[in-house]
Amino acid sequence: MRKIGLIVLVLALGVGIGLLISGKLAPVQGQAKPGMGFAAFPGSLGAEDVTGPYDVVKGWPKDVSTLPGNDKWTYGAAEGVFAESPNRVYMLFRGELPKMAPPKARLLPDVGPSISFPVAGLWRDTTTASPPGTGGTDNNMAEWMTAWEGKAPDIGMKGPPYRKMGVDANWENCLVVVDGNGNIVETWKQWDKLFRRPHSVYISPYDPDKNVWIVDDNMQVIYKFTHDGKQLLQTIGTPEKEGADGTHFNRPTYLDWLPDGTFFVSDGYTGTRVAKFDKNGKFIMDWGKKGGPRGGGGNEPVETRPGYFSNVHGVAIDPKTHHVFVNDRNNHRIQVFDDNGKYLYEWKVDADPSSLHLLYIGSGSTIWTFDRTTNKMVEWDLQGHLLYAWGAMGNFPGALWGVHGMSVDQEGNLYLAEVDNGRVEKFHPKAGANPAFLVAKPIYSAWK
């Protein structure tokens with residue numbers, strides 16, 4: 001009897017521990033069912049998880065060609081997106097490109113034997129086609145529009161060695177506001193002249209006035225506008241002058257906030273630091289040193305020393321711990337610091353090579369990114385363990401190509417700005433999808 005009792009006790013403990021573990025891991029395991037495997041929506045017939053736990057909203061938003069007198073143009077490279085609410089979404093573009101149908105496939109014998117175009121249905125890389133057409137690590141941005149002013153050297157390509165503004169591209173409608181149905185409700189054309197390479201757009205979750213922030217990496221500044229776009233309230237940095245101090249940036253990329261309004265800037269494509277400012281934009285401190293491959297790869301080894309950066313292309317704050325997560329892009333790693341720049345830990349990105357575009361935490365306890373190498377949305381826990389990934393490269397609805405900005409509204413809709421596809425896509429959570437695989441909603445502590 002004692003033996004039987006012991007067996008029963010062990011079995012009971014095993015079941016209890018199993019239930020405890022399964023309860024903790026169920027969100028990570030995708031609520032897998034027998035014979036149904038691992039998925040955001042287990043048991044979906046014929047599914048591939050191409051859009052993860054979401055359905056893409058087709059036909060959203062309306063094209064910029066629907067604006068009166070703008071029928072010849074479509075969106076250029078989509079740099080950023082921010083959803084203030086399900087009914088007010090800011091979209092940031094590098095101008096406009098000619099609206100045209102994809103070309104029919106044809107051979108290119110003048111380029112080489114057995115070479116054809118388009119390839120895999122991809123025909124116009126909008127980040128290359130849109131002004132300024134350059135912008136990688138250490139690129140010289142002193143003459144940001146050189147290739148659009150007839151000054152670029154002939155590099156052996158057939159046709160003119162430069163592109164013409166008003167023909168090959170149009171520098172208008174860099175910031176467009178749409179409603180929940182994708183209708184264009186505002187364009188901020190009055191500010192187009194201020195932008196050189198607008199890179200990201202935000203509203204601080206801790207700002208009751210809902211001011212709009214735009215980071216412009218070529219202009220070397222961060223702009224702060226009123227909510228309606230009628231007034232420029234502040235310019236942080238010195239326009240068109242690079243540096244690494246309290247009044248200068250070196251091609252800044254993204255930013256994020258602490259609850260008291262303190263914010264951190266990833267600085268940047270050429271800079272090698274994180275800069276910290278108070279809520280009024282007063283410089284507090286910075287950290288970071290130059291280290292790692294430069295200029296698009298080079299021959300330098302990948303950096304392993306803490307606090308050294310190459311292409312600081314993303315920053316996200318964990319609102320619970322105030323830890324600062326930094327995308328050290330060219331070194332293929334995420335470095336984590338406290339809010340005073342003390343190094344805590346890091347993880348390498350297991351893709352060869354990776355090319356992360358951004359970091360996002362919001363109100364969640366996981367971190368999301370997009371890898372331009374694999375063209376997948378990737379979810380890690382805050383220690384870097386893989387939880388989930390989804391996405392497929394392409395230009396059909398729901399496919400991804402160069403996600404450069406992301407945002408989530410209060411209803412859980414996900415918005416992705418694609419710098420290569422030249423579009424913003426809206427994704428709606430699937431009914432019954434595992435909530436652990438949804439991108440966390442942002443924090444709305446000052447406004448809801």
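Keep in mind that what you see is a predicted model, and the values were worked out from it rather than measured.
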Original post:
Can you pull the salt bridge (Lys or Arg N to Asp or Glu O under 4.0 Å) pairs that have at least one residue in residues 375-385, sequence neighbours excluded?
Top reply: none

**OP:** Not counting sequence neighbours, list each pair that qualifies as a salt bridge (Lys or Arg N to Asp or Glu O under 4.0 Å) and has a residue in residues 77-86.
**Re:** Glu79-Arg94, Glu84-Arg88, Glu84-Lys210

Subject >> For Asn375, side-chain hydrogen bond (donor to acceptor under 3.5 Å, both in side chains) partners two or more places apart >> reply: none

Subject >> ring-ring contact (aromatic ring centres under 6.0 Å, His included) involving Tyr254 - partner list, sequence neighbours excluded >> reply: His199, His313, His404

**OP:** Applying side-chain hydrogen bond (donor to acceptor under 3.5 Å, both in side chains), name anything that partners Thr187, two or more places apart in sequence or on another chain.
**Re:** none

**OP:** Quick one: list whatever passes ring-ring contact (aromatic ring centres under 6.0 Å, His included) with Trp73, sequence neighbours left out.
**Re:** none

Subject >> Side-chain donor-acceptor contact under 3.5 Å, Thr74 with Asp63 >> reply: yes

Subject >> Partner set under side-chain hydrogen bond (donor to acceptor under 3.5 Å, both in side chains) for His248, not counting sequence neighbours >> reply: Thr238, Asp245

Subject >> salt bridge (Lys or Arg N to Asp or Glu O under 4.0 Å) partners of residues 343-366, not counting sequence neighbours, each pair once >> reply: Arg333-Glu346

**OP:** Could you tell me whether Tyr223 and Trp191 have their ring centroids closer than 6.0 angstrom?
**Re:** no

**OP:** For Asn183, check side-chain contact (heavy atoms from CB on, under 4.5 Å) against everything at least two apart and list the hits.
**Re:** Lys62, Asp179, Asn181

Subject >> Contacts of type side-chain contact (heavy atoms from CB on, under 4.5 Å), residue Asn395, not counting sequence neighbours >> reply: Leu122, Trp123, Asn421

Original post:
Hey, do the aromatic rings of Trp390 and Phe427 have their centres closer than 6.0 Å?
Top reply: yes

Original post:
Sequence neighbours excluded, which residues qualify as side-chain hydrogen bond (donor to acceptor under 3.5 Å, both in side chains) partners of Asn250?
Top reply: none

Original post:
Atom CG of Leu194 and atom CG of Asp192: how far apart are they, to the nearest 0.5 Å?
Top reply: 9.0 Å

**OP:** For the residue pair Asn87 and Ser85, confirm or rule out a side-chain donor-acceptor distance under 3.5 Å.
**Re:** no

**OP:** For Tyr360, enumerate each residue passing the ring-ring contact (aromatic ring centres under 6.0 Å, His included) test, keeping only those at least two apart in sequence or located in another chain.
**Re:** none

Original post:
Hey, are Asn331 and Glu303 close enough side-chain-wise for a donor-acceptor pair under 3.5 Å?
Top reply: no

